[in-house]
Amino acid sequence: MCSIMGIEKSQFGKQHMRQHFYKSIHRGPDDTRIKEYGNTVLGFHRLAIMGLHKEGMQPFERDELAIVCNGEIYGFRSIKKKLEDKYQFKSESDCEILLPLYLEMGTEMFKELDAEFALIISDGKKLIAARDPIGIRPLFYGYPEDGGIIFASEAINLEGLVNKIIPFPPGHYYQDGKFIRYADLTTVDEYLADDIDVICDNIRDKLCQGVIKRLDSDAPLGFLLSGGLDSSLVCAIAAKALNKKIRTFAIGMEKDAIDLKYARKVADYIGSFHQEFYMNRNEVLKSLDKVIEILATYDITTIRASLGMYLCCKKIKENTDIKVLMTGEISDELFGYKYTDYAPTPLAFQMEAKKRVDELYMYDVLRADRCISDNSMEGRVPFGDLAFVKYVMAINPKYKVNSYGIGKYLLRRAFSKDKLLPEEILWREKAAFSDAVGHSMVDDIKEYANNLYSDEEFASKCNNYSFNKPFTKESLLYREIFESHYPNQAEMIKDFWMPNKDWTGCDVNDPSARVLANYGNSGK
């Protein structure tokens with residue numbers, strides 16, 4: 001991960017930026033540069049991943065243009081080779097190709113990129129900004145009182161500079177005061193005509209390609225392994241592609257970890273160098289304030305799932321030299337959760353998947369980015385590969401809805417012949433990460449919140465909020481911590497991540513799958 005910031009037409013110059021930009025130094029502790037370009041200022045904190053030498057430091061400059069980019073550009077070497085007849089390059093950084101591409105294609109280049117990115121371009125007078133189609137790399141913006149616009153990687157960079165902090169919409173670019181959509185992965189005009197065998201073959205091939213292209217790193221690479229289907233597949237595909245031992249990491253509560261035993265089985269099966277970490281009640285409660293500050297959210301699901309991930313990444317940072325982590329996010333949104341078993345129709349399943357993928361940047365993708373980047377590492381998400389997402393969204397939902405007796409059937413079937421994983425893992429029931437680190441984690445937080453507020457205090461304090469009003473003592477606790485860091489910025493998060501209450505069986509007051517009737521063997 002890196003951190004970027006850009007200011008256009010504002011009284012806030014280089015010195016003002018420095019104060020606020022350094023709040024995200026964790027994203028790029030290797031080097032920092034802040035430069036003025038006419039009416040604009042660009043800032044860059046570098047985490048060196050590709051092209052580790054000083055020549056890879058940004059902003060990159062060419063002609064009258066300058067750029068800062070937090071991103072990974074896949075297939076950049078072949079693009080670079082095509083551009084070398086006309087342009088000279090000074091580094092091995094993947095992002096150095098972006099200005100030549102922009103000079104050749106203008107804003108049309110955004111739709112051609114196979115990348116996870118957030119970037120800002122300056123011509124000395126104004127800024128152009130863009131974000132990848134899923135929003136895997138973060139970007140926020142706001143309007144200073146004296147006019148102009150400010151962009152930054154994290155909300156914390158903008159706190160105190162603008163009245164309202166707004167997430168930059170994924171799949172859009174900003175130019176001349178307008179946000180223009182250049183990519184839409186989830187709107188499907190016509191479903192694929194492929195039969196189930198072809199579908200599964202394509203799922204397998206496209207996911208493998210998504211993993212393999214993300215193995216390209218000049219910095220040490222590691223893998224988060226929960227023992228669930230998604231992270232296990234990522235690890236198994238990578239181990240086979242690299243044909244060497246990979247480094248895997250898992251975490252669980254000291255007294256009732258569910259995932260650790262499954263992660264260990266996967267690690268033994270694929271032959272990885274595996275490291276287990278443990279966390280306890282005190283660590284979880286002590287981390288709450290920090291986790292909510294880095295997430296800039298009060299959403300219950302996101303915070304619960306982040307606690308284990310943040311503590312795991314923190315321990316990886318403290319005990320290893322890893323700088324890149326592969327994760328299993330985005331599979332659930334595409335193939336279904338436990339609650340999507342209750343989808344009343346295939347179309348309802350499809351619409352729910354569209355909503356979840358479109359909003360990922362506020363929930364799971366946000367969680368993965370912040371937990372990893374706060375510990376000065378980069379996250380890569382193979383299930384977020386653009387070709388993979390676009391293909392899965394275009395599959396007829398009659399194949400994706402759970403009519404098989406087990407969720408994510410297509411994904412499981414796609415890898416059933418490869419023997420990449422033990423059968424026990426390939427067909428293991430879905431368990432949400434916040435539950436599978438140990439049921440005691442959420443139970444401890446709930447107990448803490450219930451003891452913190454009397455019923456009268458809870459009712460009174462909830463009335464302080466009109467937008468996304470807290471509805472449990474736990475959610476009130478999160479909201480109060482959020483407001484202490486980001487006062488009056490609640491609208492950054494559209495809604496609470498909850499099962500679809502319109503569906504029979506899903507009208508619940510807690511996002512955990514444990515409250516659903518079909519939880520079954522997920523917690524074993």
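Residue numbers run from 1 in the order of the sequence given. Keep in mind the model is a prediction, meaning the values are calculated, not measured.
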Between Arg27 and Asp369, does a salt bridge (Lys or Arg N to Asp or Glu O under 4.0 Å) hold up when you go through it step by step? CA-CA 10 Å; Arg27 298 188 68 90; Asp369 175 87; 2.8 Å; yes
Atom NZ of Lys314 with >12 non-hydrogen neighbours under 6.0 angstrom: no
Walk me through whether Tyr409 and Phe335 qualify under ring pair (Phe, Tyr, Trp, His ring centres under 6.0 Å). CA-CA 8 Å; Tyr409 174 77; Phe335 293 101; over 10 Å; no
Working note: Glu72 + Met50, criterion side chain to side chain contact (heavy atoms under 4.5 Å, CB included); need CA distance, chi angles, decisive distance, verdict. CA-CA 9 Å; Glu72 288 296 335; Met50 302 299 296; 3.6 Å; yes
Kindly indicate whether the side chain of Ile180, heavy atoms from C-beta on, has any atom under 4.5 Å from the side chain of Tyr174. no
Are Asp364 and Ile330 packed together at the side-chain level, in the sense that at least one heavy-atom pair is separated by less than 4.5 angstrom? no
Mark yes or no for whether Asp230, through its side chain, and Ser331, through its backbone, hold a donor-acceptor pair below 3.5 Å. no
Under a 3.5 Å cutoff, is there a donor and acceptor pairing between the side chains of Glu329 and Thr327? yes
Above 12 or not: heavy atoms from other molecules or residues under 6.0 Å from OH of Tyr448? no
Got a salt bridge between Arg367 and Asp299, using NZ or NE/NH1/NH2 to carboxylate O under 4.0 Å? no
So, Thr340 side chain and Ala343 main chain: donor-acceptor pair closer than 3.5 Å or not? no
Inspect the contact between Asp358 and Lys494 and indicate whether a charged nitrogen and a carboxylate oxygen are less than 4.0 angstrom apart. no
Salt-bridge contact Lys315-Glu283 (side-chain N to carboxylate O under 4.0 Å): yes
Will you find, in the side chains of Glu108 and Tyr182, an N or O donor that is under 3.5 Å from an N or O acceptor? no
Using a strict 4.0 Å threshold on nitrogen-to-oxygen distance, state whether Asp510 and Arg304 make a salt bridge. yes
Whether Lys323 and Glu378 form a salt bridge (side-chain N of Lys/Arg under 4.0 Å from carboxylate O of Asp/Glu) is what I want to check. no
Relative to Tyr74, does Arg214 satisfy both conditions: NZ or CZ under 6.0 angstrom from the six-membered ring centre, and within 45 degrees of the ring's axis? yes
Between Tyr391 and Asn202, do the side chains contain an N or O donor and an N or O acceptor separated by less than 3.5 Å? yes
Taking everything shown except Lys255 itself, do over 12 heavy atoms lie less than 6.0 Å from its NZ? no
Atom pair CD1 (Ile237) and CG (Leu215), whose distance is rounded to the nearest 0.5 Å: 10.0 Å
For a 4.5 angstrom cut-off between non-hydrogen side-chain atoms, does Cys313 reach Met377? yes
Residues Arg131 and Glu116 bridged, charged N to O under 4.0 Å: no
So do Ser232 and Val266 actually touch side chain to side chain, heavy atoms under 4.5 Å? yes
Where the side chain of Arg412 meets the backbone of Arg428, is there a donor-acceptor pair that is under 3.5 Å apart? yes
Are Leu224 and Cys312 close enough that some pair of their side-chain heavy atoms sits under 4.5 Å apart? yes
Is it true that the NZ or CZ of Arg479 lies under 6.0 Å from the centre of Tyr298's six-membered ring and within 45 degrees of the ring axis? yes
Take a 6.0 Å sphere around NZ of Lys501 and say whether it holds more than 12 heavy atoms from other residues, nucleotides or ligands. yes
Asp259 side chain to Gly228 backbone, donor-acceptor under 3.5 Å: no
Count the heavy atoms belonging to other residues, nucleotides or ligands that lie under 6.0 Å from CD of Glu92, then report whether that count exceeds 12. no
Show the numbers, then the answer: is there a side chain to side chain donor-acceptor pair (under 3.5 Å) between Thr187 and Lys354? CA-CA 7 Å; Thr187 298; Lys354 175 177 171 56; 3.0 Å; yes
Do Asp256 and Ser440 pair up side chain to side chain, a donor and an acceptor below 3.5 Å, judged on atom types alone? yes
Test ring pair (Phe, Tyr, Trp, His ring centres under 6.0 Å) applied to Trp503 and Phe349, step by step: CA-CA 11 Å; Trp503 295 352; Phe349 181 100; 8.0 Å; no
Does the side chain of Val389 reach to within under 4.5 Å of the side chain of Ile134, using non-hydrogen atoms? yes
Could you tell me whether Glu318 atom CD has more than 12 heavy atoms of other residues or ligands within 6.0 Å of it? yes
Whether the side chain of Asp418 engages the backbone of Leu420 through a donor-acceptor N/O pair (distance < 3.5 Å, no angle test) should be reported. no
Establish, from distance only, whether the side-chain atoms of Ser376 and His26 form a donor-acceptor pair under 3.5 Å. no
Decide yes or no for Met492 and Ile166: does some side-chain heavy atom of the first lie under 4.5 Å from some side-chain heavy atom of the second? no
Between Leu113 and Ile73, does a side chain to side chain contact (heavy atoms under 4.5 Å, CB included) hold up when you go through it step by step? CA-CA 7 Å; Leu113 289 176; Ile73 315 300; 4.2 Å; yes
Min side-chain heavy-atom separation Phe496-Asn468 under 4.5 Å: yes
Report the C-alpha distance between Tyr141 and Phe179 in whole Å, list the side-chain angles of each, state the deciding distance to 0.1 Å, and finish with yes or no for ring pair (Phe, Tyr, Trp, His ring centres under 6.0 Å). CA-CA 12 Å; Tyr141 71 97; Phe179 289 87; 4.7 Å; yes
Begin with the C-alpha distance, continue with both residues' side-chain angles, and end with the deciding distance and a verdict on side chain to side chain donor-acceptor pair (under 3.5 Å) for Tyr337 and Glu352. CA-CA 10 Å; Tyr337 298 86; Glu352 192 72 6; over 6 Å; no
Indicate yes or no: does Lys206 engage Asp385 in a salt bridge with an N to O separation below 4.0 Å. no
Decide, yes or no, whether a salt bridge links Asp216 with Lys213 under the criterion of side-chain N to carboxylate O below 4.0 Å. no
Any donor-acceptor N/O pair, His274 side chain to Ser272 backbone, under 3.5 Å: no
Is a side-chain donor-acceptor pair under 3.5 Å present for Ser226 with Ser231? yes
Please report the C-alpha distance between Phe415 and Trp427 in whole Å, then the side-chain angles of each, then the deciding distance to 0.1 Å, and finally whether the ring pair (Phe, Tyr, Trp, His ring centres under 6.0 Å) criterion is met. CA-CA 11 Å; Phe415 287 91; Trp427 299 99; over 10 Å; no
Ignoring hydrogens and geometry, is there a side-chain-to-backbone donor-acceptor pair from Asp444 to Lys446 under 3.5 Å? no
